[in-house]
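The figures that follow rest on heavy atoms only: side chains count, while hydrogens, waters and symmetry mates do not. On a predicted model such as this, the values are computed, not experimentally measured, just so you know.
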Amino acid sequence: MDWGTLHTFIGGVNKHSTSIGKVWITVIFIFRVMILVVAAQEVWGDEQEDFVCNTLQPGCKNVCYDHFFPVSHIRLWALQLIFVSTPALLVAMHVAYYRQEAARKFRRGEKRNEFKDLEDIKKQKVRIEGSLWWTYTSSIFFRIIFEASFMYVFYFLYNGYHLPWVLKCGIDPCPNLVDCFISRPTEKTVFTIFMISASVICMLLNVAELCYLLLKVCFRRSKRTQTQRNHPNHALKESKQNEMNELISDSGQNAITGFPN
Amino acid sequence: MSWTFLRDLLTGVNKYSTGIGRIWLAVVFIFRLLVYVVAAEHVWKDEQKEFECNVNQPGCENVCFDHFFPISQVRLWALQLIMVSTPSLLVVLHVAYHEGREKRHRKRLYVSPGMMDGGLWYTYFISLIVKTGFEIGFLVLFYKLYDGFSVPYLMKCDLKPCPNTVDCFISKPTEKTIFILFLVIISCLCIVLNFIELSFLVLKCLIKCCVQKYSKSLQSSACERHNLIC
């Protein structure tokens, strides 16, 4: 059980995503998860071991480390990645539910002209329209909220995205204001800026995808109203014919043969 | 043998679960198992090495650590995960047993894999109750063992061979508290999901029974009328 399992879960959503969504999934797994696993974890591996304070007082190092790093960068990124990937599961569940309903109707003999067999239902790509459009859009919205929240929490917890090489600590049981030195501050700052940039790119991709989906819906609606406007006579003729047909059937019921012009 | 084994076993349960059961599985996989493996395990990795007491007396740190952490929180978390996932295997075993019977008798005993009827309903119901029991049990155990869900940064220890009351400092107490609170919240969410699923199952069964009784009484009254006429 590791990031590979999350990749399997989210990879399944890939088929039903827009092109921007597919780019987003790629960015998440290559520039964030992979970097986290192969590089960042090594950099932060010895973070407490090599956190050194200029004092021999036992407990001072522990207390100062806990004060400056309430949650480690690595753990915060891991949680951010998990929370940001999870809304995609809403889409996966919706598609699974749609397929289950289609399979149930197929077994009852209702949708035999749409699908060849049950396997066909599983293979077919589900279009992003109707209720799935709402699920997909809400998932993108939640993704943006989670990304922004985690970036803000990061900024708030660490007073920015830069790690200093020395921190001053005067908390009990430290006897006075002691200097505490972080291990590999520059390398950590580089990776922090890299991960933050990747988050920003992912957020921009999500915003672009949201705008694309909204534009698509507006464009589809305007196309529909345009076709109605382009054939107004046809529409008017149709409605008049419907009225006349109703009158015919009414008069037919009362056994009168003529109908008004 | 690792968590992948549990994951593969549980994936098999997905087919025979209700919708809420699938949500429960997703929550367990992502917010408990995945978070445990990629984050929580590492937080507690160096817990004894970085546990420091303000004394040079050999053995004092060991004794104090053992007294305050009879079982590490992260190990308790792992045990809870395993115990809570195991009742779902009852369902898998039940279905496997029935499939074996189907093969032997060469006829279909189940209408479709998704439908829960008869014995499978009872097995699923019992597995839900046992799951919920384990969740609540482990949360209570956690609370009793560690006097709450927060980890203090300092503990006072005066057990032998410590010469007097010494201060002992725990490593990363804030991070540990955050992850324990996360665990508690997700456990509570799983308990709520289990209760909803239980009520849903019971309601569905009651409605089915009522409908069956009503249709039987209609049928019997129709038959009586038919007999009278005949």
Side-chain angles (χ1 to χ4, degrees), chain A residues 1-10 33 36-37 41 44-49 51 56-83 85-90 92-93 96-97 100 103-104 107 118 153 157 171-174, chain B residues 2-8 10-11 14 19 22-23 25-43 45-47 49-56 60-61 81 111-112 114-115 151-155 166-179 182:
Chain A
M1 184 73 195
D2 55 8
W3 292 109
T5 317
L6 190 70
H7 182 243
T8 322
F9 278 141
I10 306 300
V33 176
L36 183 77
V37 170
Q41 264 177 351
W44 269 268
D46 55 2
E47 56 178 327
Q48 195 174 357
E49 258 169 54
F51 180 79
L56 284 173
Q57 171 63 46
C60 178
K61 184 182 102 158
N62 279 15
V63 157
C64 292
Y65 180 84
D66 183 61
H67 178 255
F68 291 119
F69 301 107
V71 184
S72 169
H73 291 66
I74 288 271
R75 252 77 68 184
L76 215 50
W77 283 327
L79 283 175
Q80 181 183 14
L81 281 168
I82 291 172
F83 274 89
S85 313
T86 315
L89 289 179
L90 289 174
M93 282 189 206
Y97 169 75
Q100 207 184 26
R104 205 158 45 95
R107 273 193 217 107
L118 284 168
V153 164
L157 272 180
I171 312 167
D172 232 5
C174 303
Chain B
S2 67
W3 290 109
T4 333
F5 179 69
L6 189 74
R7 181 203 71 185
D8 292 336
L10 284 179
T11 318
N14 208 12
R22 288 182 188 151
I23 297 175
L25 271 168
V27 168
V28 166
F29 273 151
I30 295 181
F31 292 107
R32 293 174 82 171
L33 201 46
L34 187 62
V35 168
Y36 173 87
V37 172
V38 309
E41 234 179 2
H42 302 287
V43 179
K45 201 168 53 170
D46 56 1
E47 58 177 327
K49 216 163 43 143
E50 301 287 348
F51 180 79
E52 226 176 343
C53 289
N54 191 2
V55 75
N56 274 334
C60 178
E61 263 180 27
L81 260 176
V111 177
S112 76
M115 258 186 66
V151 182
Y153 78 97
L154 164 74
M155 283 173 156
V166 298
D167 292 335
C168 290
F169 301 91
I170 296 161
S171 84
K172 304 194 246 202
T174 312
E175 199 166 3
K176 287 177 179 170
T177 306
I178 289 173
F179 274 97
F182 182 84

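Residues Arg75(A) and Phe179(B) have side chains in contact (heavy-atom distance under 4.5 Å, counting atoms from C-beta outward). You'll find the side chain of Asp46(B) stays beyond 4.5 Å of the side chain of Glu49(A), heavy atoms only. Counting only heavy atoms from C-beta outward, the side chains of Val38(B) and Ile82(A) approach each other to under 4.5 Å.
With sequence neighbours left out, the ring pair (Phe, Tyr, Trp, His ring centres under 6.0 Å) criterion links Phe68(A) to no other residue. With sequence neighbours left out, the side-chain contact (heavy atoms from CB on, under 4.5 Å) criterion links Asp66(A) to Pro173(B), Thr174(B).
The contact between Phe83(A) and chain B is made entirely by side chain atoms (from C-beta outward), counting heavy-atom distances below 4.5 Å. For Cys168(B), no part lies under 4.5 angstrom from a heavy atom of chain A. Using a 4.5 Å cut-off between heavy atoms, Thr86(A) touches chain B through its side chain atoms alone. Contacts of Ile170(B) with chain A are made by backbone atoms alone, with heavy-atom separations under 4.5 Å and no side-chain atom involved. Contact of Leu36(A) with chain B is not made at all, since no heavy-atom distance falls under 4.5 Å.
Counting heavy-atom neighbours within 6.0 Å of His42(B) NE2, excluding the residue itself, gives a total above 12.
With chain A as the partner, the residue from Tyr36(B), Phe182(B), Tyr153(B), Phe31(B) showing the most heavy-atom pairs under 4.5 Å is Phe31(B). Here Asn54(B) is the residue among Asn54(B), Val55(B), Ile23(B) with the most heavy-atom pairs under 4.5 Å with chain A.
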